[in-house]
Visitor: 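Take a look at this one; I'll ask things after.
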Amino acid sequence: RLIVVGDPELARYVLSTRNFPKSWTYKGILPIIGRKSFLVAEGEQWSGKRRALNAGFSPNAVDSLTNVLESKISRLISRCQSAAESGEVLRMHDASHDFAMDVITQVAVGENWHGTDLSLRETIDNMKALIE
């Protein structure tokens, strides 16, 4: 059974008040998300994971990400526009990966690797250089 919730107050209740049984459809994505994922956790396991994640989704935490996300999204859009104008083939999977890595490194490590502006290979080379 799948229930779609469009009311913000009801969505808040569903997402934070209690943990509802998961749909059988999650079984198909377990190889991708993992068996211990927050998405499929239930009961006490879900409650513990939920408490651990709460701080990262507080209004202050989310507000602090706004500028980073806005900057990275603008760079991604520019990259897509440049590729479209030049006729370059831009693999969106790679561009999305670069964007995600760029956001994660900026937020988690406080480093701007300009991953959205670089190719996947250049991003990996930067990561290796940082480790060495």
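Bear in mind that the values here come from a model prediction, so they are computed numbers and not experimental data.
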Visitor: Using modelled atom types and a 3.5 Å cut-off, is there a donor and acceptor pairing between side-chain atoms of Ser71 and backbone atoms of Asn67?
Guide: no
Visitor: Quick one: does any side-chain atom of Thr105 pair with a main-chain N or O of Asp102 as donor and acceptor, under 3.5 Å?
Guide: yes
Visitor: Looking at Val40 and Arg35, what are the two nearest heavy atoms and their distance?
Guide: CG2-O, 3.6 Å
Visitor: Can you tell me how far apart NE2 (His93) and NE2 (His97) are? Round to the nearest 0.5 Å.
Guide: 7.0 Å
Visitor: Is there a continuous path of hydrophobic side-chain contacts, each under 4.5 Å between heavy atoms, that joins Leu69 to Leu76?
Guide: yes
Visitor: Report the hydrophobic cluster partners of Leu90, with the cluster defined as I, L, V, M, F, W, Y residues connected by side-chain heavy atoms closer than 4.5 angstrom, directly or transitively.
Guide: Met92
Visitor: Does Arg79 come within less than 4.0 Å of Asp98, counting only side-chain N to carboxylate O?
Guide: yes
Visitor: In terms of hydrophobic clustering (I, L, V, M, F, W, Y; side-chain heavy atoms under 4.5 Å; direct or indirect links), are Phe99 and Val68 co-clustered?
Guide: yes
Visitor: Kindly indicate whether the side chain of Tyr13, heavy atoms from C-beta on, has any atom under 4.5 Å from the side chain of Val5.
Guide: no
Visitor: Rounded to the nearest 0.5 Å, what separation is found between the SG atom of Cys80 and the CZ atom of Arg75?
Guide: 14.0 Å
Visitor: Once you round to the nearest 0.5 Å, how far does CZ of Arg91 lie from OG of Ser96?
Guide: 11.0 Å
Visitor: For residues Leu65 and Ile104: do they belong to one hydrophobic cluster (side chain heavy atoms under 4.5 Å, members Ile, Leu, Val, Met, Phe, Trp, Tyr)?
Guide: no
